[in-house]
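Quick caveat: nothing in here was measured; it's all calculated off a predicted structure. Note: hydrogens, waters and symmetry copies are ignored here, and every other heavy atom, side chains too, is used.
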Amino acid sequence: MRLTDYFEDTIVINGITYNLDFTFDNILRVYELQADQTVSNANKINLMFDNLVIDCDQELDFNVKAQAIEKILTELIAKDNMKEQHEQYPDQEAQQTTEKTHDFIQDAELIYASFLYDYNIDLFEQQGLMHWNKFIALFNNLSQKTVFKQVVKIRTDPLPKPNKHNMKERSNLIKAKQFYSLDKSNEAIENQINSTFDNVARIFKASAEKGR
């Protein structure tokens, strides 16, 4: 994003140029629609098209709509490219996570509170006004003091290697990761807990053997 850019929110369909609604709340509705498993893919395309393309009175073929939506989603909408901040440990400098670290739907309250804290911007008052590109620019640059960035840090911080001194620290971090996990299955959480218990048991065993 450059300060000399201007937003040309249009798309050409069958030789006709149509305006697009790229307000941030409208794009977030597209995200919500994508995640809604109760809506068929065909209905998603039609609903996205109706939400994004303004005043299209043509009777368009479904494939034309699908191609238009694909172009909008892949080429025209500025992507969320937030770079996560990781706590670096000496033996984990090269470690990076490929796991999902945030979700606009699940983290909605955190994002709202963080915009209000950092920028004094009430996102509800900005519905229908703030452009998506502006939203993303602000979102990507939220400070580490915001509750959203603090939660992302919890999700991305690696667990320190277990030893007899950091059991409480590890336990607290695991609980926080579970609390703020994104759509994590119960099975995954249970496996993580079992793995932690196994590590703790090994620490106790090693410590007891040294004390003999």
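Put simply, CD1 on Ile121 and CE on Met130 are 4.0 Å apart, with the number rounded to the nearest 0.5 Å. With rounding to the nearest 0.5 angstrom, the CZ atom of Arg155 is 9.0 Å from the OH atom of Tyr180. Note that OG1 of Thr10 is 8.0 Å distant from CG of Leu76, once rounded to the nearest 0.5 Å. Between the CD1 atom in Ile27 and the CG atom in Asn51 there is a gap of 9.0 Å [rounded to 0.5 Å]. Summarising the geometry, atom CG belonging to Asp57 is positioned 7.5 Å from atom CD1 belonging to Ile16; distances are rounded to the nearest 0.5 Å. The structure places CD1 of Ile45 at 11.5 Å from CG of Asp50, a figure rounded to the nearest 0.5 Å.
The 12-atom threshold is exceeded at NZ of Lys44, counting heavy atoms of other residues, nucleotides or ligands nearer than 6.0 Å. Enclosure of atom CD in Gln127 by more than 12 non-hydrogen atoms of other residues, nucleotides or ligands within 6.0 angstrom is indicated. Remark: Glu75 CD is packed, more than 12 non-hydrogen atoms of other residues, nucleotides or ligands lying under 6.0 Å away.
Hydrophobic clustering (ILVMFWY, side-chain heavy atoms < 4.5 Å, transitive): Tyr117 and Tyr119 are in distinct clusters. Linking Ile, Leu, Val, Met, Phe, Trp and Tyr whenever their side-chain heavy atoms come within less than 4.5 Å leaves Leu129 and Ile136 in two separate clusters. Hydrophobic clustering (side-chain heavy atoms under 4.5 Å, transitive across Ile, Leu, Val, Met, Phe, Trp, Tyr) groups Phe62 together with Val39. Criterion: ILVMFWY side-chain heavy atoms under 4.5 Å apart, direct or through other members. Under it, Phe124 and Val147 are part of a common hydrophobic cluster. Tyr18 and Val64 end up in the same hydrophobic cluster when Ile, Leu, Val, Met, Phe, Trp and Tyr side chains are linked at under 4.5 Å.
Between Asp55 and Asn19 the shortest side-chain heavy-atom distance does not fall below 4.5 Å. Residues Leu60 and Phe49 meet the side-chain proximity criterion, which asks for heavy atoms closer than 4.5 Å. Residues Tyr112 and Asp122 are in side-chain contact: their nearest non-hydrogen atoms beyond the backbone lie under 4.5 Å apart. Side-chain contact between Ile72 and Met48 is absent, with no heavy atoms from C-beta onward closer than 4.5 Å. Proximity of Leu110 to His102: side-chain heavy atoms (C-beta onward) are nowhere separated by under 4.5 Å. Side chains of Asp21 and Leu52 form no contact here, defined as non-hydrogen atoms less than 4.5 Å apart. With a 4.5 Å cut-off on side-chain heavy atoms, Leu173 and Pro160 count as touching.
When only modelled atom types and interatomic distance are considered, Thr23 and Asn26 share no side-chain donor-acceptor pair under 3.5 Å.
Closest heavy-atom contact between Ile13 and Ala68: CD1-CB, 4.3 Å. The shortest heavy-atom contact between Asp103 and Lys100 is OD2-NZ, 2.6 Å. Closest heavy-atom contact between Gln126 and Asp25: O-OD1, 4.4 Å.
Panel note: side chain Asn166, backbone Glu169; no donor-acceptor pair is recorded below 3.5 Å. A donor-acceptor pair under 3.5 Å links the side-chain atoms of Ser181 to the main chain of Gln178, judged by distance alone. Between the side chain of Gln150 and the main chain of Lys145, a donor-acceptor pair closer than 3.5 Å is present.
For Phe139 and Phe24, the gap between ring centers reaches or exceeds 6.0 Å.
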Requested in this report: Could you check Val152 against Asp107 for side chain to side chain contact (heavy atoms under 4.5 Å, CB included), going step by step and ending with a plain yes or no?
Outcome: CA-CA 10 Å; Val152 169; Asp107 292 333; 5.6 Å; no

**Report entry** side chain to side chain contact (heavy atoms under 4.5 Å, CB included) between Phe22 and Asn133, worked out
**Finding:** CA-CA 8 Å; Phe22 274 6; Asn133 292 2; 5.5 Å; no

Query - Stepwise side chain to side chain contact (heavy atoms under 4.5 Å, CB included) check, Ile111 with Ser114 - result: CA-CA 5 Å; Ile111 295 170; Ser114 297; 5.6 Å; no

Query raised in the report: After noting the C-alpha distance and the side-chain angles of Trp132 and Leu20, does the key distance pass the side chain to side chain contact (heavy atoms under 4.5 Å, CB included) rule?
Result: CA-CA 11 Å; Trp132 173 252; Leu20 301 172; over 6 Å; no

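Between Lys149 and Asp118 there is no salt bridge, since none of the side-chain N atoms of the basic residue sits less than 4.0 Å from a carboxylate O of the acidic one.
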